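Contents: one structure, followed by commentary.
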Amino acid sequence: QFGTTGLYLHTGKPPLNDLRVRKAISYALDRTALIKTVWNGIGRPTNSPFVKGTFWYNRKAERPWDKFNLRQARNLVDAYRRATGRQPAFRLISRVTQTEQIFKQALQAQLARAGIQVTIEQVTDDNTYVTRLIRGEYEGATRLHQGFLDPVFEMTRLHQKDSFLNIERFSTPDLER
């Protein structure tokens with residue numbers, strides 16, 4: 001496995017700072033259908049940058065909401081709406097490649113079935129896209145994660161709390177040790 005493409009969420013911005021919304025998004029994604037639609041069936045669904053069966057895949061990272069379940073996604077959206085009075089919605093950016101444009105549209109369609117509104121925001125060039133990610137000027141983004149023979153360096157840069165590449169604003173005490 002030499003890379004994955006995924007949906008990255010800025011967890012510091014509403015409604016993506018709400019766990020119910022993030023779980024609803026995960027439940028609403030039919031990863032197998034995305035692979036068929038966007039990548040012509042080439043690839044395997046995963047919940048991390050590492051595919052099951054590779055050395056770095058961590059079975060402990062598997063979560064129930066990594067499996068497609070539209071009913072559960074809708075239930076979480078309803079719970080969020082009852083608690084906040086708002087429908088979950090966010091803006092989505094991507095690189096300008098044709099594949100990522102198709103990926104954005106497929107994500108938008110799948111999430112709409114769960115009641116999550118996704119507004120596709122066009123970015124004119126890759127430099128603008130990367131700059132916006134690093135500055136945190138996005139809500140959702142598609143992102144290619146390129147594979148490395150030894151991913152420890154890459155994962156550290158992507159997920160350490162103070163790294164400028166930590167675009168999701170992810171933080172965990174385990175990684176900070």
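What you are looking at is a predicted structure, and each value in this text was computed from that prediction instead of being measured.
A distance of 11.5 Å separates CD1 of I102 from OG1 of T142, quoted to the nearest 0.5 Å. Summarising the geometry, atom CG belonging to N17 is positioned 10.5 Å from atom CG belonging to L19; distances are rounded to the nearest 0.5 Å. Note that CD of E139 is 9.0 Å distant from NE2 of H10, once rounded to the nearest 0.5 Å. The CZ atom of R81 lies 11.0 Å from the CZ atom of R74; values are rounded to the nearest 0.5 Å. The distance from the CG atom of L34 to the CH2 atom of W39 is 6.5 Å, given to the nearest 0.5 Å. Atoms CG and OH, on L9 and Y138 in that order, are 7.5 Å from each other to the nearest 0.5 Å.
For residues 82-101, no pair satisfies ring-ring contact (aromatic ring centres under 6.0 Å, His included), with sequence neighbours left out.
Heavy-atom contacts from other residues, nucleotides or ligands closer than 6.0 Å to NZ of K67 number 12 or fewer.
The two residues A24 and V77 come nearest to each other via the heavy atoms CB-CG2, 3.9 Å. Looking at every heavy atom in both residues, K13 comes nearest to E137 through NZ-CA, 4.1 Å. Between A73 and Y27, the shortest heavy-atom contact is CB-CB, 3.7 Å.
Formation of a donor-acceptor pair under 3.5 Å by the K23 side chain with backbone atoms of Q72 is not found in this model. Proximity of a side-chain donor or acceptor of R20 to a complementary backbone N or O of L76 within less than 3.5 Å is not detected. Side-chain N or O atoms of R22 include none that pairs as donor or acceptor with a backbone N or O of T11 at under 3.5 Å. The closest donor-acceptor contact from the side chain of Q101 to the backbone of R95 lies under 3.5 Å.
Residues L70 make up the rest of the hydrophobic cluster containing F68, defined by ILVMFWY side-chain heavy atoms closer than 4.5 Å, directly or through other members.
Residues E100 and V38 are not in side-chain contact: their nearest non-hydrogen atoms beyond the backbone lie 4.5 Å or more apart. Side-chain atoms of L133 and Y8, non-hydrogen and from C-beta on, never get closer than 4.5 Å to each other. In this structure, Y80 and P15 have side chains that are in contact, with non-hydrogen atoms separated by less than 4.5 Å. R31 has its side chain within reach of S26: a pair of non-hydrogen atoms, C-beta onward, lies under 4.5 Å apart.
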* Should T128 and I93 be marked as a side chain to side chain contact (heavy atoms under 4.5 Å, CB included) after you check the CA-CA gap, both sets of side-chain angles, and the distance that decides it? -> CA-CA 10 Å; T128 302; I93 65 170; over 6 Å; no
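Paired with Y129 under the rule side-chain contact (heavy atoms from CB on, under 4.5 Å), one option of V123, V96, I134, T124 passes, and it is V123.
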Counting only pairs under 3.5 Å, give me each side-chain donor-acceptor contact of residues 109-120, with atom names and distances, residues two or more places apart or in other chains.
unit_1	atom_1	unit_2	atom_2	d
Q110	OE1	D30	N	2.7
Q110	NE2	D30	O	3.3

